[in-house]
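All chains are named by letter (A, B, ...) in the order of the sequence lines, taking the proteins before the strands, and each is independently numbered beginning at 1. Excluded from the calculations below are hydrogen atoms, water molecules and symmetry mates; all remaining heavy atoms, backbone and side chain alike, are included.
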There are 2 protein chains.
Amino acid sequence: MGATVASAVTRSVEDYLKAIYRLSTAGQPATTSAIAALLELSAPSVSGMVKRLSEQGLLEHVPYRGVALTAAGRRLALRTVRRHRLVESYLVAYLGYSWDTVHDEAERLEHAISDELAERMATALGNPGVDPHGDPIPTADGDIAEVTGMPLSDVPEGVAVEVRRVNEHDAERLRYLASLGLVPGAVVTVTGRLPFDGPITLSTPAGTHAVGPGLAADIVCSRAAE
Amino acid sequence: MGATVASAVTRSVEDYLKAIYRLSTAGQPATTSAIAALLELSAPSVSGMVKRLSEQGLLEHVPYRGVALTAAGRRLALRTVRRHRLVESYLVAYLGYSWDTVHDEAERLEHAISDELAERMATALGNPGVDPHGDPIPTADGDIAEVTGMPLSDVPEGVAVEVRRVNEHDAERLRYLASLGLVPGAVVTVTGRLPFDGPITLSTPAGTHAVGPGLAADIVCSRAAE
DNA sequence: CGGCAACATTCGGATGTCCTAAATCCGGAT
DNA sequence: ATCCGGATTTAGGACATCCGAATGTTGCCG
Ligand SMILES: [Mn+2]
Ligand SMILES: [Mn+2]
Ligand SMILES: [Mn+2]
Ligand SMILES: [Mn+2]
C-alpha cells in the first residue's frame with residue numbers, strides 16, 4: 001500500500017506537486033530542470049525532493065528522464081490547484097483584487113486554508129467552474145474540466161471567438177491584456193495577421209488592437225456562442 | 001542599528017513573539033517554560049529560539065529569568081495579533097464561522113496573508129476595534145486599546161455589567177459560554193455567589209445560569225452603559 | 001563511432017526548527 | 001550556610017529544505 005508514515009505535506013511539497021501537474025497538463029515533460037525553472041530552485045534541490053517524493057509514493061521517477069504524478073500525487077496536486085483557484089476567485093469577487101494581483105496572494109494562501117474554508121469560499125462563490133483567468137477549478141473530488149480551444153495565435157481571420165482562458169501569471173502582461181479587452185468571456189475577431197511571427201490585429205470589446213504572437217499564444221479561444 | 005541581516009520572519013518566529021506578547025500583556029512572566037507550555041514545545045527548543053531572537057534584537061533575554069519584547073519584537077508581535085484578530089473577525093462576519101471555530105484557522109492564516117489583504121479585510125469590516133471574542137485589534141501602526149474591566153468572578157451581586165471580552169480559546173468552552181448567552185455585548189447580573197470557589201449564578205439574555213469560578217475568571221466585564 | 005554539451009545526480013555543507021539526555025543554575029527549606 | 005528540586009541551558013542529533021561543486025549520463029552530430 002502507501003507504505004511510509006504519513007509525513008507532512010508541506011508548502012514545498014505542495015508547490016512541487018503543483019508544478020509537476022502544471023507541466024504534465026501543458027504536455028511538457030516534467031524534467032528536473034523544468035521543475036527547477038518553474039519553482040526558481042537549483043537542479044540539485046529538485047533532484048533531492050524528487051527522490052523523497054518518489055519514496056513517499058507521490059511521484060514515479062525515471063532517473064535522468066523525468067517524473068510523473070502517481071494517483072496520490074495527482075490528488076494532492078489537484079487539491080492545491082483547487083485552493084489556489086478558489087482563493088483567486090474569492091479575492092477578486094469579494095475583496096477588490098484584480099486578476100493581475102491575486103496570484104501571489106493565492107500562492108501563499110493555498111497552503112494555509114483548511115478544507116472547511118476552501119468549501120465555504122466555494123459556496124459563497126456559487127461553486128464556480130473557472131477562476132478569474134479562465135482556469136478550470138477542480139472539484140473537491142478531484143475532477144477537473146478540460147479546457148478546449150485554440151490559441152488566439154491560431155484563430156483564423158474573420159471568425160468571432162470567445163476568450164476562454166489566459167495562461168499568464170505576469171502582472172504587467174495581465175494588466176496589458178485587460179486594457180486590450182482580452183479577458184475571459186470577451187468576444188474577439190482577428191482582422192489581420194502579418195507574416196514571420198508578426199503582430200495579430202484584432203477587434204475586441206475595447207476596440208482594435210495588435211498583439212504579438214507570444215502573448216497571443218497564451219490566450220485560449222473557442223468559437224463564440226451563437 | 002538593527003545589526004544582523006534581515007533574516008526571515010517565519011511562522012515559528014511570529015508565533016513565539018505572539019506568545020511572549022500574550023504572556024507579558026497578561027502580566028505573567030515570559031519564562032522559558034511558560035512559552036513552551038503555550039506553544040506546546042519542549043523547553044530546550046524555546047531556549048534555543050530565545051537565543052536566536054535575542055541575537056536578532058527582537059527580545060531582551062536575562063538568562064534563567066525570562067524575556068521581554070524589544071520595540072522591534074513588539075511591533076512584529078502586534079502585526080501578527082492584528083492579522084489574527086482581523087482574520088477571525090472576517091471569517092465570522094463573511095464566511096459563516098462561529099467564535100468557537102475561528103481560532104485554528106486564524107492561527108495559520110495570520111502568517112500567510114499580505115499587508116494588502118489584511119487591510120482589505122479591515123476595510124470590508126469597517127475597521128473594527130475588537131474581534132469576535134472582544135479582543136482589541138491593534139491598528140496598522142501598532143497602537144492597541146486597553147481593555148478595562150473586571151473578571152466576572154469579581155463582579156458584585158446585583159450590578160448589571162456588560163461582557164467585554166472572553167479570554168478563552170477552547171472551542172468547547174466557547175460553545176458552552178455562547179449557550180449561556182455569555183458573549184461580548186451581553187448584559188448580565190450576578191444573582192448569587194457560593195463560598196469556597198462555588199458556582200456563580202447570574203441572569204443573562206439567555207436566562208438564569210450558574211458558572212464555575214474558573215470560567216467566570218476568563219470573562220471580562222465592565223459596568224453596563226446607562 | 002567517439003566526443004561533447006546539456007542535463008541530471010551525488011556529495012558535502014548551511015540553515016532553521018525541533019527533540020531527548022545531561023549539565024547547570026537558583027531560590028527556598030532545612 | 002547547605003542542599004535540593006524545579007527551571008533552564010547546553011550538548012548532541014534528527015529532519016526538511018536549500019545551495020554550489022563535482023561527477024555521471026544521454027543523445028546528438030560530426
Ligand atoms: Mn504556493
Ligand atoms: Mn488563476
Ligand atoms: Mn500562528
Ligand atoms: Mn480572538
Qualifying residue for salt bridge (Lys or Arg N to Asp or Glu O under 4.0 Å) with B/R82, from B/E88, B/E14, B/E119, B/E110: B/E119
Can you name the side chain to side chain donor-acceptor pair (under 3.5 Å) partners of A/T10, sequence neighbours left out? none
Tell me, for nucleotides 7-16 of chain D in 5' to 3' order, what letter each nucleotide earns: B for a base near a protein heavy atom under 4.0 Å, S for only sugar-phosphate near one, - for neither? -BBB-----S
Show me the side-chain donor-acceptor pairs of residues 57-71 of chain A shorter than 3.5 Å, one per line, residues at least two apart or across chains.
| unit_1 | atom_1 | unit_2 | atom_2 | d |
| --- | --- | --- | --- | --- |
| A/T70 | OG1 | A/G57 | O | 2.7 |
| A/T70 | OG1 | A/L58 | O | 3.1 |
| A/T70 | OG1 | A/A72 | N | 3.4 |
| A/T70 | OG1 | A/G73 | N | 3.1 |

For A/S24, give me all partners under side chain to side chain donor-acceptor pair (under 3.5 Å), at least two apart in sequence or on another chain. none
What is the separation between atom CD on A/E40 and atom P on D/dC19, rounded to the nearest whole Å? 10 Å
Protein-nucleotide distance (B/L39, atom CG; C/dG16, atom P), rounded to Å: 19 Å
Qualifying residues under side chain to side chain donor-acceptor pair (under 3.5 Å), relative to B/R175, sequence neighbours excluded: B/D100
Among residues at least two apart in sequence or on other chains, which ones pass side chain to side chain donor-acceptor pair (under 3.5 Å) with A/R79? A/D115
Nucleotide C/dT17, atom C1' - distance to CD of B/E14 in whole Å: 15 Å
Please check the phosphate of D/dC19 (OP1 and OP2 only) for any side-chain N or O of A/S45 closer than 4.0 Å. yes
Check the distance between C/dT9's P and A/L41's CG and give it to me in whole angstrom. 15 Å
